Number of protein chains: 2
Amino acid sequence: MEPFTPRQNAVLECALQLLVAGGERALTTAGLARAANCSKESLYKWFGDRDGLLAAMITYQASKVRTPGPRESMPTLDDFTRSLAVFAEDLLGVLSGEVSLALNRLAIGQADRDGAELGALLREHGRLPIELRAKALLELGRRHGYLKFSDTHEAYETLYGLIVHDGHVRMLLGEAPAKVADDRPRRARLAISQFFRLYGQGAQDIR
Amino acid sequence: MEPFTPRQNAVLECALQLLVAGGERALTTAGLARAANCSKESLYKWFGDRDGLLAAMITYQASKVRTPGPRESMPTLDDFTRSLAVFAEDLLGVLSGEVSLALNRLAIGQADRDGAELGALLREHGRLPIELRAKALLELGRRHGYLKFSDTHEAYETLYGLIVHDGHVRMLLGEAPAKVADDRPRRARLAISQFFRLYGQGAQDIR
DNA sequence: CCGGAACCGTACCGTACGGTACATAGATTT
DNA sequence: AAATCTATGTACCGTACGGTACGGTTCCGG
C-alpha cells in the first residue's frame, strides 16, 4: 500500500533503532532528524505527522517480516508436527524480538488516543498474518487427518495460549526476554505435545 | 510504609479515575490537583515525584484487590472443578477491568525507563498474588488426587494460557474488552475442560 | 489565645517538544 | 545555462508540563 522510497526506509529504520534504544521518549522529531541526517521538514512532508511517522514505522516493520505460506507437501505426521514446532518457535522468536516489543509498547502506550489507531494497525499487519498462516497450517493438518477440530479459531487461540502463556505481557512489562523465551525449543515442543493431546486425531472433540 | 492516609487514598482514587478516562496524557500533576482539590505541593510532598505517584497508584489499587485463599474444604471433584472455573472467570474479569488495563498500559508504556520499576511493581503486586492463589489451588487439587503434574509452575502457566490466550494483549492494544472477554463463563469452562484433559487424573504426565 | 503544622490555590520558571518558516545546496529538467 | 524540484540544517514559535515558591487559610495542641 505504501511502499516507501529507499531513503524513507532508511529513515524509518533509524527511527526503529531509536525507539528500541530509548523507548518512545527517545523518539523525537528533532532527534530522528539528527540521527538520520534528514530535516524535520522532510519528516513532516513524508509522514505528515508524528502519528503518521509511528504508523509508518509499524507498516514498514511489518513489510520486513514475511510469513512463509506452508509448503503444500506435508506427507508425514512427523513433518506436520515439525511444522507446528517451527511455527511455535517462530512465534516466540518474533514476540521476544526487540523491535516487536518496542512497537507493541508504543501502540499500547497510545491505545487510549484516537481510537487506538496504532493498536489496530499492529493487529492487522503484525498479528493477522501470523494468525492466518497458523490457521492455514491447522486446516492443512485437519485435511490430512492429523488434527480434529470443528472451530478453527478456537483451535488457533488454544495453540497460541499453549505456546505463549503470559510471556508476552511479562516481556512487555520489562521482564528480560531471555528469562521468558528461554529454552524456546523445549517450550515449543511441550506446547505442541499438549496441543496434540487436545486436538490430535484420536482425541474426541470438545463440547 | 504504604498505608496511605484516607485523604491520600482519595487522591489516588481520583488519579486512577483520570488515568482510566484519558490515559497517561490526561494524568498531569496540575490536572490531578484540580480534580482532587488538592495542591500540587501536597502531591510532591506525599509522593515525592510523578513516578512516585504512579507507583503509589499501583500499590493502592493492589491493596484494594484481595485474593481469597481457597477454602480448605474441597470434598468433591465437582467442587474443585467449580473452584477452577471461578478462578478462570475471576482472572478474565480482572484482566478486562478498566483500571487493570489502564495500569498495565501505563507500566508497559514506561517499561523502558529506570529498569522498568513500574512493571516490576505490577508483577509483584498484581500478578504474583493471583499466581500464588492459583498454584495453591492446583496443589490442593493434586493432594486430593484430582490433578497430576510434577511441575507446579508449568501447570500454572498452561492453565493461564488456556484461559487467557492472547486476549490480554489484544485488550491492551485497544480491542474492546467486551469482544475479548465475551462469554466469559463459556470460555472458562472450555479452558478448565482442556486443562483437565492435560493434567487431570487419568492423563499421563507429560515428558 | 497563640504558634505551628499541614494544606490549598495560584502564580511562576525552565525546558522539551511538535510543528512551521526560511535560506541554502544539489540534482533534474527544459 | 536557467529554472524547478527536492532536501538539508537551522532558527523560531507556541504550548504543555514537571517542579518550585509563596501567600493565605484551616486546624490542632498547649
Side-chain angles (χ1 to χ4, degrees), chain A residues 2-58 60 102 105-107 109-110 112-114 117-118, chain B residues 1-58 60 102 105-107 109-114 117-118:
Chain A
E2 303 146 61
F4 302 107
T5 72
R7 175 75 177 120
Q8 288 165 359
N9 281 341
V11 171
L12 290 174
E13 188 61 43
C14 201
L16 283 177
Q17 211 171 309
L18 280 179
L19 182 70
V20 167
E24 177 174 4
R25 320 189 56 127
L27 186 65
T28 68
T29 55
L32 176 58
R34 201 178 324 116
N37 287 325
C38 73
S39 71
K40 284 173 69 172
E41 198 166 1
S42 299
L43 293 182
Y44 285 97
K45 184 187 194 100
W46 293 332
F47 309 112
D49 202 346
R50 185 172 190 266
D51 290 355
L53 171 67
L54 303 182
M57 289 168 63
I58 290 182
Y60 165 67
R105 288 201 187 103
L106 181 66
Q110 311 242 334
D112 34 53
R113 293 175 40 83
D114 14 85
E117 189 121 0
L118 289 187
Chain B
M1 161 166 172
E2 37 215 276
F4 302 108
T5 72
R7 175 76 176 119
Q8 290 165 357
N9 282 340
V11 171
L12 290 174
E13 187 61 44
C14 201
L16 284 178
Q17 210 171 308
L18 280 180
L19 183 70
V20 168
E24 177 175 4
R25 322 188 56 124
L27 187 65
T28 67
T29 55
L32 176 58
R34 202 179 324 116
N37 287 325
C38 73
S39 72
K40 284 174 69 173
E41 199 167 3
S42 298
L43 292 181
Y44 284 96
K45 183 185 193 102
W46 294 333
F47 309 112
D49 202 346
R50 186 173 188 266
D51 289 355
L53 171 68
L54 302 182
M57 288 169 62
I58 290 181
Y60 164 69
R105 289 202 187 103
L106 181 67
Q110 313 244 331
D112 33 53
R113 294 175 39 83
D114 12 89
E117 189 123 358
L118 289 187

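Everything quoted here is computed from the prediction, not taken from an experiment. Each chain gets a letter, A, B and so on, in the order the sequences are listed, and its residues count up from 1.
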request  = Specify the separation, in whole Å, of atom CG of Leu32(A) and atom C1' of dC17(C).
outcome  = 14 Å
request  = Can you tell me the distance, in whole Å, between the CD atom of Glu24(B) and the C1' atom of dC17(D)?
outcome  = 12 Å
inquiry  = Does Leu12(A) form a side chain to side chain contact (heavy atoms under 4.5 Å, CB included) with Phe47(A)? I'd like the steps, not just the answer.
reply    = CA-CA 10 Å; Leu12(A) 290 174; Phe47(A) 309 112; 3.8 Å; yes
ask   = Starting at CZ of Arg50(A) and ending at P of dG19(C), how long is that distance when rounded to a whole Å?
value = 8 Å
task = Measure across Ala36(B) and Val11(B) and return the closest heavy-atom pair with its distance rounded to 0.1 Å.
result = CB-CG2, 4.2 Å
Please tabulate, one pair per line, all N/O donor-acceptor pairs under 3.5 Å involving side-chain atoms of residues 13-24 of chain B, not counting sequence neighbours.
{"from": "Glu13(B)", "atom 1": "OE1", "to": "Tyr60(B)", "atom 2": "OH", "distance (Å)": "2.6"}
{"from": "Glu13(B)", "atom 1": "OE1", "to": "Lys64(B)", "atom 2": "NZ", "distance (Å)": "3.2"}
{"from": "Glu24(B)", "atom 1": "OE2", "to": "Arg50(B)", "atom 2": "NH1", "distance (Å)": "3.3"}
{"from": "Glu24(B)", "atom 1": "OE2", "to": "Gln110(B)", "atom 2": "NE2", "distance (Å)": "2.7"}

query = Would one find a side-chain N or O of Thr28(B) under 4.0 angstrom from OP1 or OP2 of dC17(D)?
reply = no
task = Provide, to the nearest angstrom, the distance between the CG atom belonging to Asp51(A) and the C1' atom belonging to dG18(C).
result = 11 Å
CA sep, side-chain torsions, deciding dist, call: Leu106(A), Ile58(A), side chain to side chain contact (heavy atoms under 4.5 Å, CB included) = CA-CA 10 Å; Leu106(A) 181 66; Ile58(A) 290 182; 5.5 Å; no
Reading 5' to 3' through nucleotides 3-10 of chain D, protein heavy-atom contacts under 4.0 Å coded B for base, S for sugar-phosphate only, - for none = ----SBB-
ask   = CZ of Arg34(B) versus C1' of dA16(D): gap in Å, rounded?
value = 12 Å
ask   = Tell me, which pairs form a side-chain hydrogen bond (donor to acceptor under 3.5 Å, both in side chains) where one or both residues lie in residues 27-41 of chain B, sequence neighbours left out?
value = Ser39(B)-Ser42(B)
task = Return the value, rounded to whole Å, for the distance between atom CZ of Arg25(A) and atom P of dG18(D).
result = 9 Å
request  = Let me know the distance between CG of Leu43(B) and P of dA6(C), rounded to the nearest Å.
outcome  = 16 Å
message = I need the OH-C1' distance between Tyr44(B) and dC8(C), as an integer number of Å.
response = 16 Å
query = If you count the non-hydrogen atoms of other residues, nucleotides and ligands that lie under 6.0 Å from CZ in Arg25(A), is the total more than 12?
reply = no
